[in-house]
Structure formats: structure tokens, C-alpha cells
2 protein chains.
Amino acid sequence: MEHNSENCRSNCPINFILETFGDKWTLLVVRDLMFKGKKYYGEFLESDEKISTNILAERLQRLETHGVITKEKDPDHKSKFIYALTEKGKALLPIMLEVTQWSSTYDSLTNTPKEFSEALKVDKDGVKKGVLDRL
Amino acid sequence: MEHNSENCRSNCPINFILETFGDKWTLLVVRDLMFKGKKYYGEFLESDEKISTNILAERLQRLETHGVITKEKDPDHKSKFIYALTEKGKALLPIMLEVTQWSSTYDSLTNTPKEFSEALKVDKDGVKKGVLDRL
DNA sequence: CTGTATCCTTAGGGATACTG
DNA sequence: CAGTATCCCTAAGGATACAG
């Protein structure tokens, strides 16, 4: 999804990302998909930050609308959906890695999980594997 | 500023950045400082997104509290302050560049200003100049 | 258990008045 | 003009009940 004229404040690229991710929850869902290997509704609910059910549903919907994730029926478990990153969603990886690096540098309490730093390492080599294989 | 135990949802690096920038306005102030060469209160008010005065004041305060910007008396114009990025603030550049690139790729209406793409170019060379000189 | 809907409180934020 | 404060409405979101 691209800029829609209504409720679009400007054509600035920084503003653009805020239209989708400018809140306290959305990026955490991306993190869970990208680094934690989560794909089910219930798995997102289990994360440390304790997102509430209605917020999660709204964010999954939003991300799907914006073309960042897909929602598909799980062939195995009926009445259950698998959420996955699209190419557009996977393309957020460099941003996520830079964020991780910045936070690690400036917050002594930040505990960077190994999945993050491994993804960071392979990306810096310019070799797109590791985390990305799984995406 | 680092994680303060109260109202900190987790020690995840992605969550950490959201504690400061997880809203629709804060990052725009950083953009204005980093790419637009703005430093005065009134200049931030002029941006396309039309931030309101109380929100701007609150965000400048927040960014200062979090060690991302400094607020110093303007020696020339009395009763006027100069806002500037700290090292921690300047270190957001790689994130800003990745965001710019992602938005440019996925939003056809995004109009990437020349300051952004120039900063992007010099950064990719690994040569920290251009925009960074001015910071 | 997966997901949706509802209730209700709080926080975000627009408009604007106000002070130095 | 720079910045703060207030008024007030709307959106964000926590708790929880509900439906398949």
C-alpha cells in the first residue's frame, strides 16, 4: 500500500514509515516475525511486552492492509492462520538491524538476543542468509 | 538516558527505541535537525506535517531528557534556544537512511529530498561527511 | 485455543489563549 | 517571535467477555 491522499501528512520518507509504524506496538510484531520465528496469533500474545488481544488484532490487520505481512490459512490446523512477512516486510531487516545496534550502544540494559546479533553479523558481510533464510 | 525500570516493558532493543520514538511526531523533529538544518522552535513548527505547539514542546523536552538533543541559549538572540543533536542523536543517521531507502522503494509518492539521498550516498561510501559535517 | 467485540479509562494531540 | 498552559475531543489501548 502506498500513500493515500487522505490522512497523509506529507510525502516525506520519514513520515511515510510513521504512518504505518508510528506507535508503540506495530514494530514488535515485525520483530517477532523476523527474529523470533513466530507466526501464530497466540505466539505474539506471549511476548514480554504483553500486547493485548484487541491491539494485536488491529495491528495484524493494519500490517496486512499495508502489504507488510500476509495472513493465510494453516493447512494443518484448521481455523488457525499463519502470519508471514512479505518482501516489503522482509525489507525492513536493515532498519531493524540498525535499530538493534543503536539500542545496544546507548542502552546498557538492552539485552540483545543472539538471533539479532547473528542477523546483524551476516548482514554486515553482505551475505543475505541466516535469519533471512527462515523468512 | 537508559532504561528506567518503571514503565519499561522489556529489555529488547526494538522495544527500547519505541520507548522514545514510538509515536507519530518525535522522529520528525530528528529529521528536521538532521536533514533540514533546523534548530529553532519556530522552524520545527513550519514543517509540512504541522506539529502543534504543545506537542513540539513536549517532544523537545522528551528528546532532551533522553539525551538525543541539547537545548542551549542562543548567544545572539536572547530568549531563544538552539536545539542540536547529541552524539547519540547523530548516531540515528544510519537508521534514518535505511528508513529513507525503504520508503523510497515502497512508496511511489514519497518524494525523497536531495539532502536525504546525498546523505545516503556518502554514508554508503563509508565516508562520514556531507550531512554529518553540518551536524 | 484463535480471534473478535465491547466497555471504559487514559493518553495523544488539535486549537488557541497566554506570557515574556 | 519563542515557548508554555489550558481546554477539550478523539484515538490508543488495557481488561475482559464473547464466538467459532
Side-chain angles (χ1 to χ4, degrees), chain A residues 4 6-10 15 17-30 32-33 36-66 69-84, chain B residues 4 6-10 15 17-30 32-33 36-66 69-84:
Chain A
N4 42 354
E6 343 84 72
N7 75 12
C8 171
R9 303 182 297 178
S10 75
N15 181 67
I17 209 162
L18 292 176
E19 309 267 0
T20 306
F21 299 99
D23 73 285
K24 285 215 175 353
W25 294 107
T26 310
L27 210 58
L28 297 179
V29 176
V30 172
D32 285 350
L33 286 161
K36 309 282 188 179
K38 300 187 178 183
K39 48 180 183 288
Y40 296 118
Y41 192 86
E43 293 180 306
F44 301 117
L45 290 177
E46 289 165 8
S47 293
D48 288 346
E49 296 85 5
K50 295 296 165 216
I51 191 169
S52 60
T53 59
N54 56 338
I55 301 300
L56 175 59
E58 202 273 337
R59 292 309 191 275
L60 288 169
Q61 172 76 65
R62 178 196 293 186
L63 287 171
E64 194 187 1
T65 302
H66 287 223
I69 68 171
T70 54
K71 174 182 185 175
E72 292 183 356
K73 277 215 164 61
D74 187 341
D76 302 335
H77 316 268
K78 186 167 150 51
S79 87
K80 192 172 180 178
F81 289 92
I82 295 181
Y83 300 95
Chain B
N4 41 354
E6 343 85 70
N7 74 13
C8 172
R9 303 182 295 179
S10 75
N15 181 66
I17 209 163
L18 292 176
E19 309 266 3
T20 306
F21 299 99
D23 73 287
K24 285 216 171 1
W25 292 107
T26 310
L27 210 59
L28 297 179
V29 176
V30 173
D32 285 350
L33 286 161
K36 309 281 189 180
K38 300 187 178 183
K39 48 178 182 289
Y40 296 118
Y41 192 87
E43 293 179 305
F44 301 116
L45 291 176
E46 288 165 9
S47 294
D48 289 347
E49 295 86 5
K50 296 296 165 218
I51 191 171
S52 59
T53 59
N54 56 338
I55 301 300
L56 176 59
E58 202 273 336
R59 294 307 192 274
L60 287 170
Q61 173 77 66
R62 177 194 296 185
L63 287 171
E64 195 188 358
T65 302
H66 287 223
I69 67 171
T70 55
K71 174 182 185 176
E72 293 183 353
K73 277 216 162 63
D74 187 341
D76 303 335
H77 318 269
K78 183 167 154 47
S79 87
K80 193 172 179 177
F81 289 92
I82 295 180
Y83 299 95

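Just so you know, these numbers come straight off a predicted model, no measurement behind them.
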Which one of A/D32, A/V29, A/L63, A/I69 satisfies the side-chain contact (heavy atoms from CB on, under 4.5 Å) criterion with A/Y83? A/I69
By the 4.0 Å heavy-atom rule, please label B/F44 as base, sugar-phosphate, or nothing. nothing
At under 4.0 Å, does any side-chain N or O of A/Y83 touch on OP1 or OP2 of C/dG3? yes
Starting from C1' on C/dG3, measure out to NZ on A/K39 and report it in whole angstrom. 18 Å
Identify, with sequence neighbours excluded, every residue that meets side-chain contact (heavy atoms from CB on, under 4.5 Å) alongside B/D74. B/Y40, B/D76, B/H77, B/K80, B/I82
Atom-to-atom span, NZ of B/K80 to P of D/dT4 - whole angstrom: 15 Å
Quick one: stems involving DNA chain D, counted as three or more successive Watson-Crick or G-U pairs, both distances short of 3.5 Å. C:1-20 with D:1-20
Check the distance between D/dC1's C1' and B/L45's CG and give it to me in whole angstrom. 11 Å
Within this structure, what is the CD1-to-P distance between B/I82 and D/dC1, rounded to whole angstrom? 18 Å
Ignoring hydrogens and angles, state whether a donor on the side chain of B/N54 or B/E58 is under 3.5 Å from an acceptor on the partner side chain. no
Which is true for B/K73 with a 4.0 Å heavy-atom rule: it touches a base, it touches only sugar-phosphate, or it touches nothing? nothing
Over how many whole Å does the gap from A/L56 atom CG to D/dG13 atom P extend? 12 Å
Indicate for each nucleotide in nucleotides 6-20 of chain C, in 5' to 3' sequence, whether protein heavy atoms under 4.0 Å reach the base (B), only the sugar-phosphate (S), or nothing (-). B------BBBB----
